[in-house]
Each structure stands twice: as C-alpha cells, then as structure tokens.
Amino acid sequence: MSQLHVIDHPMIQHKLTIMREETTGSKDFKELLNEIALLMGYEVTRDFPLEDVEIKTPMQTMVAKKISGKKVAIVPILRAGLGMVDGLLTLIPVARVGHIGLYRNEETHKPVFYYCKLPKDIQERTVILTDPMLATGGSASDAIDLLKEKGCSNIRLMCLVAAPEGVKAVQERHPDVDIYVAAVDEKLNSDCYILPGLGDAGDRIFGTK
Ligand code: PRP
Ligand code: URA
C-alpha cells in the first residue's frame, strides 16, 4: 500500500497558512509555494541511496557520501504544478523537467488531457510528480497512468493540500505511489474544491481570476 506522508514541519505549516489567506497576493503565493516545495523536497528525497566516494579536501583525502542510483525527473501537472518546480530545482539542480497538461472539466470535474512532453529517458528516472492540489485525485491518477505507460516505475506524488477523497482515490488506483502533502483538509465541496483549502491554485499563482 502506498504511504501518505504528511509533512508537518513548523516552517511548512506557517508558510501554508499565509498561502491559504485570501488576502495573500500572487507574488507572495508563488514565492511561498516554491519555498515549501524546496522544504518538502527534503522528505521526498529522504530515502535516496548514498555511495562512498573518495575526494580530496584542501587538507587530505577522505571517503565521503554522494547520492547514487537513479536520476530525477520533476514532472509538474500544468498549470499549478509549475509553481513547485523552481523550489525543487534549487534542491536538485541536475533534475530534468517534464510536463503533463491536464485541466478539470468544470461540469464533470474529470481531467482532460492536452499536453505531454517528458525527458527521453524518463523510465530510468525517479519521478517527482507535482501538483499543489489533490482534490478528487482524478488529475494525479491520470498523470500517473501516463507516466506508467511511458515505463516509469518509481513515482512520488508531491502535493500541498489534499482532500481525503483524493488521497483515497490515488491510493486505490496506484498503491505503489507514495504521496507527500503538507496538509490533509476536511472535504470537497459540491464543485469538487477542497475545504477549507486555498481556492484555485492555478488562478492564484498566475493571477488569472
Ligand atoms: C487543479 C489542480 C489539479 C486539479 C486537482 O487544476 O491544480 O491539477 O485541479 O483536481 P482533481 O484532484 O479533482 O483532479 P485545474 O484543473 O484547475 O487546472 P489548472 O492548474 O490549469 O488551473
Ligand atoms: N483545484 C484547485 O486549484 N483547488 C481546489 O480546491 C481543487 C482543485
């Protein structure tokens, strides 16, 4: 069964509270989202294997640790997932970035696919799939389906705020994918928005409302 990691570090909780406030504007919202993505990145990468390497300090040689194993791809779900990419790239500058375009149909609330561009060797990489909002779980589940069709076998889903319904849906459809969130909120409303949530993440990042 996939694990749900709720990252309740005080710095993350504090920044998330500011993001939730309706008076917080686009500039601060974007900056805070990237800062949280960087901080959450520590937990998402916590199990990355290390290897011993011999290096030379200005004083002497020593055996030190470096990350070994698979390379990383960051894959945001457009649009809102883009808001987490720069923060993660600060932590993992060598990561490649792929993009999956999905939007929710306003009436059915089902995801509609419109774009996909991934690194050529995506199947050899650990994938960090980003989307700040996990509502019904439809978008994340479809994006994971697509990544699996491309041969990916090590996928982690990184969100900011989740609804219990979305967590359950992804866990049922993708029991091999761990989910990382900063908060699990109360429920969805009749429009499938998260309550209390933070509103429409894409609109708040890009100022489109
Ligand atoms: C939002 C959000 C997720 C999706 C979550 O995107 O960023 O991708 O909804 O909902 P779900 O879990 O019910 O699928 P939206 O469709 O608003 O598109 P946008 O990012 O382009 O605004
Ligand atoms: N998408 C958002 O941006 N916010 C929600 O609460 C649900 C879906």
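Start at 1 and go down the list; that is how both ligands and their atoms are numbered. For the numbers below, each heavy atom of this structure counts, side chains included, while hydrogens, waters and symmetry mates do not.
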Do [X] and [Y] come close enough that some side-chain heavy atom pair is under 4.5 Å?
X      : Y     : value
Arg156 : Asp47 : yes
His9   : Gln13 : no
Ile128 : Val75 : no
Leu91  : Leu39 : no

>> Please enumerate all residues that pass side-chain hydrogen bond (donor to acceptor under 3.5 Å, both in side chains) together with Asn34, with sequence neighbours excluded.
In response: none

Judged by modelled atom types alone, do [X] and [Y] share a side-chain donor-acceptor pair under 3.5 Å?
X      : Y      : value
His109 : Asp191 : no
Ser2   : Asp178 : no
Arg79  : Thr208 : yes

>> Test your reading of the structure: does Gly202 have an N or O sitting under 3.5 Å from an N or O of ligand 1?
In response: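 Such a contact does not occur with ligand 1.
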
> Would you say Ser139 and ligand 1 have an N/O pair spaced under 3.5 Å apart?
Replying inline: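 So ligand 1 has an N or O lying under 3.5 Å from an N or O of Ser139.
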
>> What protein heavy atom lies closest to atom 13 (O) of ligand 1? Include the residue and the distance to one decimal.
In response: Thr136 OG1, 2.6 Å

>> For atom 10 (O) of ligand 1, what's the nearest protein heavy-atom neighbour? Residue, atom name and distance, please.
In response: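 Result: Arg104 CD, 3.3 Å.
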
Identify all N/O pairs between ligand 2 and the protein with a separation under 3.5 Å and present them as a table of atom names and distances.
residue	atom	partner	partner atom	Å
ligand 2	3 (O)	Ala201	N	2.8
ligand 2	4 (N)	Gly199	O	2.8
ligand 2	6 (O)	Ile194	N	2.8

>> Hydrophobic cluster membership, with links at side-chain heavy-atom distances under 4.5 Å among I/L/V/M/F/W/Y: are Ile179 and Leu147 in one?
In response: yes

> Are Glu35 and Lys15 close enough, and set up right, to give a salt bridge (charged side-chain N to carboxylate O under 4.0 Å, His left out), and what steps lead you there?
Replying inline: CA-CA 8 Å; Glu35 287 167 18; Lys15 289 173 191 289; 2.6 Å; yes

> Does Cys192 come within less than 4.0 angstrom of ligand 1, counting non-hydrogen atoms of the residue?
Replying inline: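 Flag not set, Cys192 not near ligand 1.
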
>> Determine whether any protein heavy atom is located less than 4.0 Å from atom 1 (C) of ligand 1.
In response: no

>> Strictly inside 4.0 angstrom of atom 6 (O) of ligand 1, do you find any protein heavy atom?
In response: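 Under the 4.0 Å cut-off, atom 6 (O) of ligand 1 has no protein heavy-atom neighbours at all.
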
> Checking side chain to side chain contact (heavy atoms under 4.5 Å, CB included) for the pair Leu88/Asp86: CA distance, chi angles, key distance, verdict?
Replying inline: CA-CA 5 Å; Leu88 276 177; Asp86 286 346; over 6 Å; no

>> Under a 4.0 angstrom heavy-atom cut-off, which atoms of ligand 1 come close to Ala80?
In response: 7 (O), 20 (O)

> Which ligand 1 atoms does Tyr103 reach within 4.0 Å, using its non-hydrogen atoms?
Replying inline: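 This gives 16 (O) as the contact atoms.
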
> Side chain, backbone, both or neither: which part of Asp131 has a heavy atom under 4.0 Å from ligand 1?
Replying inline: side chain

